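What follows is a set of notes on a single structure, which appears directly below.
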Amino acid sequence: MQEAFEKVKVRRQTSSYVFDVYFNVVAANFTYAGGWVPDTQITAQMEALNKGYAGTGIQFRHVDTIRILSSRYFHDMNVPNTAEMEQMIYEYGSVFRKGGSKTLNVNLIGFSTDDSDTYGFGILPSLYSTSPQLDGVYVRYNSLPGGSSPYRQGSTVVHEGGHWLGLLHTFQDGCDGDGDGVADTPAEASPASGCPKGRDTCTEPGLDPIHNFMDYSDEDCRNSFTEGQIALDNSGLEL
């Protein structure tokens, strides 16, 4: 599961396509601290998502918001890198996931058991044919625009949406290997933090792509996709 989650590159057909979006707000209780995100933040997130993909031929349409009261799912769901976590997400998705392969489910959860401050993860499209129940992006509830996170204000959904469309991190494989499979994203040894202009961690040509949405740079630093990433998103296999 983990190897497929990180490496396999099958993409959804995206050329001039509008994807339907469902927000699944998973909350432990009816408070904001418990995950009960207001509709205003969801509206602002949709605006940020479409702004992030402006000019790519890809846009997103908010269809509905589903509110799910579950302390277990809010606190415990996390990256499916164990059989137990994969099973939990499978059970969750079997009940709550909406639509087909070209419907984006944005699942807002707490990551309460995560010690590494994970803000989200996205399921690559290569997994849809065998595990559609897992499909979607899973995002920390307070990272939406107007949320309480001091670090993320909307770009997490853009970043995880990139994974959902088939993009890998710009620092994939570091300075070696195939990287992210995109020719115009220079190799990068490790994730960027802050906004380190002029950072150059690999000997290959080009500075680190710190402004790319698929890096880990600060919120105000990452703001774009490359032409190669856009072309890759728009030339995939239809699931």
Side-chain angles (χ1 to χ4, degrees), residues 1-14 17-29 34-37 42 45-46 49 53 58 60-114 116 118-141 143-144 156-169 172 214 233 236-239:
M1 168 69 187
Q2 182 67 6
E3 181 179 357
F5 180 74
E6 293 291 346
K7 301 288 287 182
V8 180
K9 306 172 189 175
V10 179
R11 274 161 265 280
R12 303 168 208 270
Q13 182 177 349
T14 60
Y17 198 86
V18 179
F19 291 97
D20 287 341
V21 179
Y22 285 87
F23 274 82
N24 300 313
V25 180
V26 182
N29 53 53
W36 204 258
V37 173
I42 293 172
Q45 181 63 74
M46 283 301 305
L49 179 60
Y53 284 88
I58 300 166
F60 299 88
R61 175 177 54 224
H62 183 207
V63 176
D64 201 4
T65 298
I66 313 300
R67 295 185 179 271
I68 302 161
L69 199 60
S70 171
S71 179
R72 174 174 175 257
Y73 288 140
F74 174 77
H75 288 299
D76 294 347
M77 276 203 298
N78 210 321
V79 180
N81 54 11
T82 67
E84 292 78 12
M85 189 56 62
E86 183 178 346
Q87 182 61 30
M88 177 183 288
I89 297 175
Y90 183 94
E91 293 171 355
Y92 165 84
S94 296
V95 176
F96 296 112
R97 192 189 177 281
K98 303 292 189 297
S101 67
K102 290 179 285 203
T103 300
L104 174 61
N105 281 242
V106 179
N107 304 282
L108 305 182
I109 58 179
F111 288 100
S112 303
T113 60
D114 193 307
S116 62
T118 298
Y119 270 87
F121 62 91
I123 303 298
L124 293 172
S126 55
L127 293 175
Y128 187 85
S129 62
T130 56
S131 302
Q133 297 85 353
L134 304 178
D135 192 62
V137 301
Y138 298 76
V139 174
R140 190 179 288 265
Y141 76 97
S143 67
L144 275 59
T156 300
V157 174
V158 180
H159 174 101
E160 303 306 342
H163 289 315
W164 185 77
L165 289 166
L167 298 180
L168 302 179
H169 290 131
Q172 185 78 29
M214 302 312 294
D233 274 340
L237 298 175
E238 182 174 5
L239 299 183

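Throughout, numbering of the chain's residues begins at 1 and tracks the sequence. Since the structure is predicted, the reported quantities are computational estimates derived from the model, not experimental observations.
Across Phe60, Phe19, Trp164, a single residue satisfies ring pair (Phe, Tyr, Trp, His ring centres under 6.0 Å) together with Tyr53, and that is Phe60.
Taking every heavy atom of both residues into account, Val25 and Gly35 meet most closely at CG1-O, 3.3 Å. Closest approach of Met85 and Val79 over heavy atoms only: CG-O, 3.3 Å. Across all their heavy atoms, His163 and Leu124 have their closest contact at O-CD2, 3.2 Å.
Remark: side-chain polar atoms of Glu160 are paired, donor with acceptor, to backbone N or O of Gly122 under 3.5 angstrom. Using a distance-only test at 3.5 Å, with no hydrogens or angles considered, no donor-acceptor pair links the side chain of His75 to the main chain of Met77.
Separating the CD1 atom in Ile109 from the CG atom in Asp76 is a distance of 10.0 Å, to the nearest 0.5 Å. Here the CD1-CG distance, from Ile42 to Leu144, works out to 7.0 Å after rounding to the nearest 0.5 Å. Atom-to-atom distance recorded for Arg67:CZ and Leu108:CG is 9.0 Å, nearest 0.5 angstrom. From Arg140, atom CZ reaches atom OH of Tyr119 across 5.5 Å, with rounding to the nearest 0.5 Å. Here the CE atom belonging to Met88 is positioned 4.0 Å from the CZ atom belonging to Arg72, to the nearest 0.5 angstrom. Atoms OG and CG, from Ser129 and Asp135 in turn, are 10.5 Å apart once rounded to the nearest 0.5 Å.
No side-chain heavy atom of Asp64 sits less than 4.5 Å from a side-chain heavy atom of Asp20. Counting only heavy atoms from C-beta outward, the side chains of Leu69 and Trp36 approach each other to under 4.5 Å. A heavy-atom distance below 4.5 Å is not found between the side chains of Val37 and Phe23. By the 4.5 Å heavy-atom criterion applied to side chains, Tyr90 and Leu134 are counted as neighbours. Side chains of Tyr92 and Ile68 form a contact here, defined as non-hydrogen atoms less than 4.5 Å apart.
Evaluation of the side-chain contact (heavy atoms from CB on, under 4.5 Å) rule for Asn29 yields Thr31 as partners, not counting sequence neighbours. Judged as a side-chain contact (heavy atoms from CB on, under 4.5 Å), and not counting sequence neighbours, the contacts of Asn105 are Tyr22, Asn24, Arg97, Lys98, Thr103, Asn107.
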- Go through the steps to decide whether Tyr141 and Val26 satisfy the test side-chain contact (heavy atoms from CB on, under 4.5 Å), and finish with yes or no. CA-CA 8 Å; Tyr141 76 97; Val26 182; over 6 Å; no
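Under the 30°/60° scheme for interplanar angles, the aromatic rings of Phe121 and Phe111 are found to stand perpendicular.
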